[in-house]
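In what follows, a single structure is set out as structure tokens and then discussed.
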Amino acid sequence: MAAPPSDTQVQSATVQSLRPVGDDAFVLGVTFPEPFPALAAGRFFMLRREDDLSPAIPRPFSVYRQDENGALEFLVKTLGKGTQALAKTRVGEPVLVVGPLGNGWPAWKADGSAKWFVGGGIGSAPFYMAIQQAVAQGVAPELITFVYGGRTKGFLYDLDLFRELGVNVVAATDDGTEGFHGNVVQACESMLEAQNGPVQVFTCGPDPMMKAVVAFADKNGFESWISLETYMGCGVGICNGCAVGTTEDGPFGDWPVAKCCVDGPVFASTAVHV
Ligand SMILES: Cc1cc2nc3c(=O)[nH]c(=O)nc-3n(C[C@H](O)[C@H](O)[C@H](O)COP(=O)(O)OP(=O)(O)OC[C@H]3O[C@@H](n4cnc5c(N)ncnc54)[C@H](O)[C@@H]3O)c2cc1C
Ligand code: FES
């Protein structure tokens, strides 16, 4: 049975920076009394303020970036009470941080296959370090494409930072205000003609988008992985608040549900239903 990762800690971190991005998000930088060693991309942390402004239950966020001193950044879209409270933190204030949690993306294979990272809106968060780590692990930058979609330009957060990573970046907006005029699946379809050889697809974003990306991958015979952003309670496998249905012939066998927090949040698309 899956258990919380052995490196999970509960720490009071200190806010180091708070940088607005796009129309409705911010990047929260935090430092730790005991910095973490290099973290695998795709893992996540539960965060809350240490006062009553935050709900009692911390909220999950992917690790966005990590610097050489172990300081972490989280890319946060402001939605409800939990994220609004985090948006009100100021430099020097404490935040409660539980993690690292979850499994992260699978090991990057420099096997000649193209890697298409397909993110929607805030679903870009687990991809910045994924791209850095894939390149560091030998995947040629020209084989990596980050397809980043949003309703409009203001929901493509830190696009310029992604462009600085030196891989192919294809922006796509529903209203045509940035890059390809259309959604990420249409952008992927437009890339097919120039593609020779195998492709692996990794996606994170709203569920309908991921479903469409997986259908696109299946149709073209590409392997795919998804990073789910289900609602979470405890984040450590106790509350069953993050159950996701498993596929009949998948790796979970007869077990009908997986726990996103400890079995995921990254799954092979053949393992669970989006
Ligand atoms: C593993 C994981 C990683 C995540 N990484 C990030 C990240 O890097 N950056 C980021 O901004 N968010 C991320 N999320 C989503 C984030 O946790 C939620 O947006 C957050 O919990 C909302 O809290 P809130 O109190 O502000 O909103 P709430 O008051 O809880 O909800 C506000 C509104 O948002 C909707 N909502 C809340 N949570 C979700 C969700 N998970 N999926 C769809 N709709 C939701 C609610 O239905 C409601 O309409 C991640 C989630 C998971 C599980
Ligand atoms: S969030 Fe509690 S079991 Fe996953």
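One is the number of the first residue; the rest follow in order along the sequence. As the structure lists them, so they are numbered: ligands from 1, and atoms in each ligand from 1. In this text the structure is predicted, and so the values were computed from the model without any measurement.
Looking at V76, I57, L75, L101 and measuring to atom 9 (N) of ligand 1, the nearest heavy atom belongs to L75. Across the listed options P60, P265, G123, S124, P60 owns the non-hydrogen atom lying nearest to atom 4 (C) of ligand 1.
Taking 4.0 Å as the cut-off, F61 counts as a neighbour of ligand 1 on heavy-atom distance.
Inclusion of C239 in the first shell of atom 2 (Fe) of ligand 2 is supported: an N, O or S atom falls under 2.8 Å.
Nearest protein heavy-atom neighbour of atom 39 (C) of ligand 1: Y231 CE2, 3.5 Å. For atom 3 (S) of ligand 2, the closest heavy atom belonging to the protein is N240 N, 3.2 Å. In terms of protein heavy atoms, atom 21 (O) of ligand 1 is closest to R59 CD, 3.4 Å.
There is no side-chain donor-acceptor pair under 3.5 Å between T78 and D24.
Judged by the 6.0 Å and 45° rule, K77 forms no cation-pi pair with Y157.
Of the N or O atoms in Q84, none lie within a sub-3.5 Å distance of an N or O in ligand 1. Of the N or O atoms in M232, none lie within a sub-3.5 Å distance of an N or O in ligand 1.
Geometry about atom 4 (Fe) of ligand 2 gives an angle of 100° between SG of C261 and SG of C242, rounded in steps of 10 degrees.
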